*Asks:* 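Starting off with a structure, shown below.
What's counted below: heavy atoms across the whole structure, side chains too, no hydrogens, waters or symmetry copies. Remember, predicted model here, so these are calculated numbers, not experimental data.
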Amino acid sequence: MIMSTSNILNLIVQLPLTERFVVLEQTLKSIKDEEFRRTMTTAADRLYDDYTSDSELTAFTSLDYEDFYEAR
């Protein structure tokens with residue numbers, strides 16, 4: 001069942017004040033998380049060609065299949 005915005009707001013108003021703050025905090029967190037994901041995705045998309053073809057950025061990929069041993 002999909003609820004309209006006005007239905008959701010009417011239900012929120014009926015909650016105790018502390019619960020309304022929880023709803024508000026969780027809503028803001030989800031908006032921030034979504035914006036962060038969108039920003040990072042856009043940045044990764046813009047830099048994809050650089051990371052796959054720029055020799056200065058791909059120089060260490062030649063070591064990808066080398067065994068790594070920790071120095072002690």
*Asks:* Provide the full list of salt bridge (Lys or Arg N to Asp or Glu O under 4.0 Å) pairs with a residue in residues 14-26, sequence neighbours left out, each pair given once.
*Replies:*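 Not a single pair qualifies under salt bridge (Lys or Arg N to Asp or Glu O under 4.0 Å).
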
*Asks:* Under the rule for side-chain contact (heavy atoms from CB on, under 4.5 Å), what residues qualify as partners of Ser30, not counting sequence neighbours?
*Replies:* none

*Asks:* Give me each pair satisfying salt bridge (Lys or Arg N to Asp or Glu O under 4.0 Å) with a member in residues 28-37, each pair once, sequence neighbours excluded.
*Replies:*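 Matches after skipping sequence neighbours: Lys29-Asp33, Glu34-Arg38, Glu35-Arg38.
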
*Asks:* Show which residues join Ile2 in its hydrophobic cluster (side-chain heavy-atom contacts under 4.5 Å, direct or indirect), or state none.
*Replies:*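 Members besides Ile2: none; it forms no cluster.
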
*Asks:* Distance from Leu47 atom CG to Asp54 atom CG, nearest 0.5 Å?
*Replies:*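 Reported to 0.5 Å precision, the distance equals 10.5 Å.
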
*Asks:* To the nearest 0.5 angstrom, please state how far the OG1 atom of Thr27 sits from the CD1 atom of Ile12.
*Replies:*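 Between atom OG1 of Thr27 and atom CD1 of Ile12 there are 6.5 Å.
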
*Asks:* Quick one: hydrophobic cluster around Met40, which other residues, with the 4.5 Å side-chain cut-off, linked directly or via members?
*Replies:*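 The other cluster members (ILVMFWY side chains, heavy atoms under 4.5 Å, direct or chained) are Phe36.
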
*Asks:* Just jot down the side chain to side chain donor-acceptor pair (under 3.5 Å) partners of Arg46, sequence neighbours excluded, or say none.
*Replies:*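 Side chain to side chain donor-acceptor pair (under 3.5 Å) check on Arg46 returns nothing, list empty.
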
*Asks:* Sequence neighbours excluded, which residues qualify as side-chain contact (heavy atoms from CB on, under 4.5 Å) partners of Ser4?
*Replies:*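 Here the qualifying residues are Ser6, Asn7.
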
*Asks:* Grouping I, L, V, M, F, W and Y whenever their side-chain heavy atoms are under 4.5 Å apart, do Leu24 and Leu15 come out in a common cluster?
*Replies:* no

*Asks:* Val22: which residues meet the side-chain contact (heavy atoms from CB on, under 4.5 Å) condition with it, sequence neighbours left out?
*Replies:* Gln26

